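The structure presented is a predicted model; accordingly, all values stated were derived computationally and were not measured. Quick note: numbers below take in every heavy atom, side chains included, and nothing from hydrogens, waters or symmetry partners. Lettering of chains follows the sequences in order, A, B, ..., and the numbering in each one begins at 1.
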Amino acid sequence: MKAATLKITTWNINSVRLRMPLVAQFLKSKAPDVLCLQETKCRDSEFPMKDFHALGYNHVAINGQKGYHGVAVVSKRPLRLSQKRDFCDKGDARHISVEVEADGGPITLHNFYVPAGGDEPDVTINPKFLHKLDFLDEMREWIVSQGVSRGRVMLLGDLNIAPLEHDVWSHKALLKVVSHTPIEVEKLTNVFEAGAWIDAMRHFVPRDEKLYTWWSYRAADWEASNRGRRLDHILVSEALGGALQSLDVLREARNWERPSDHVPVTVELST
DNA sequence: ATGGTTGCTTGGCAA
């Protein structure tokens, strides 16, 4: 009898075509039921569909665009595409949602790639930062008005914000660095509260322990300096809070050959 | 004080 669990991974892959060998290595060794990707960086017609099929991931939902952004969900279990919402009406591919079959009933997944926001944390001179804040406001409004977190729901992906003091290597040094500024943290906190989401990663790792999912390419030695940030998140609705079984942040993936700057984050749920 | 790297594409932006 099949174990009644569901393993779900989120991973900003920074070009799915370039890194398909790493994805294959990951799927073979960890075998999650569902993998949610961000920054696929290709049109839907260019997505390496056959490679996923060959690995046993026969169910695929994609929202891609040429060169930038792009999100995808690949699964060993049947999926039903439910939505591709164009937040901020810019035509960006930054969201896709699906329903995944599970023993206790379907689970809705919302896979996000939130705008990075550029370098300057000042909306008067940096339109990319304004876009990021507007995107977060729209997420909050959408969660409230649509009741997004009702039922068995997960919201995950690269949210490009490290909200807690120990989600960054130095809280003080990063207060004026986009990804950890007070205004971004406030708006992401509003998103969390709007759905009464449970922070699945912090369910397993205390808030006073360092926890990162991303290390810059620009460090001479990422591992020695260890200047990481927790930019990737998995949130679950209250109905799934009691189902959380385990967490795996695959730090070693940052040392793979030609790695993404983000590592895969996996949670296991009892279903 | 201000680089540093990577990907998509071939000059320069986005991250």
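- Listed by chain and number, the residues in a salt bridge (charged side-chain N to carboxylate O under 4.0 Å, His left out) with A:Arg218 amount to none (sequence neighbours excluded).
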Set out, line by line, the N/O atom pairs under 3.5 Å between protein and nucleotides 2-4 of chain B.
from: B:dG4; atom 1: N1; to: A:Arg218; atom 2: NH1; distance (Å): 3.4

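- Of the residues in residues 115-122 of chain A, those with a non-hydrogen atom less than 4.0 angstrom from any atom of DNA chain B are A:Ala116.
- With sequence neighbours excluded, the residues that form a ring-ring contact (aromatic ring centres under 6.0 Å, His included) with A:Trp11 are A:Phe26.
- Here B:dA15 is the nucleotide among B:dC8, B:dA14, B:dA15 with the atom lying nearest to any side-chain atom of A:Tyr113.
- In this structure, the salt bridge (charged side-chain N to carboxylate O under 4.0 Å, His left out) partners of A:Arg80, at least two apart in sequence or on a different chain, are A:Glu99.
- Note on A:His262: nothing from the nucleic acid sits closer than 4.0 angstrom, heavy atoms only.
- A sub-4.0 Å separation between OP1 or OP2 of B:dC8 and a side-chain N or O of A:Lys66 is absent.
- Regarding contacts with the backbone of B:dT6, every side-chain N or O of A:Arg19 stays at 4.0 angstrom or more from both OP1 and OP2.
- Taking A:Asp158 as the reference, nothing meets the salt bridge (charged side-chain N to carboxylate O under 4.0 Å, His left out) condition, with sequence neighbours excluded.
- For residues 8-18 of chain A, the set of pairs meeting the salt bridge (charged side-chain N to carboxylate O under 4.0 Å, His left out) definition, not counting sequence neighbours, comprises A:Arg17-A:Glu46.
- Not a single side-chain hydrogen bond (donor to acceptor under 3.5 Å, both in side chains) links A:Asn160 to another residue, sequence neighbours left out.
- With sequence neighbours excluded, the residues that form a side-chain hydrogen bond (donor to acceptor under 3.5 Å, both in side chains) with A:Asp122 are A:Thr124.
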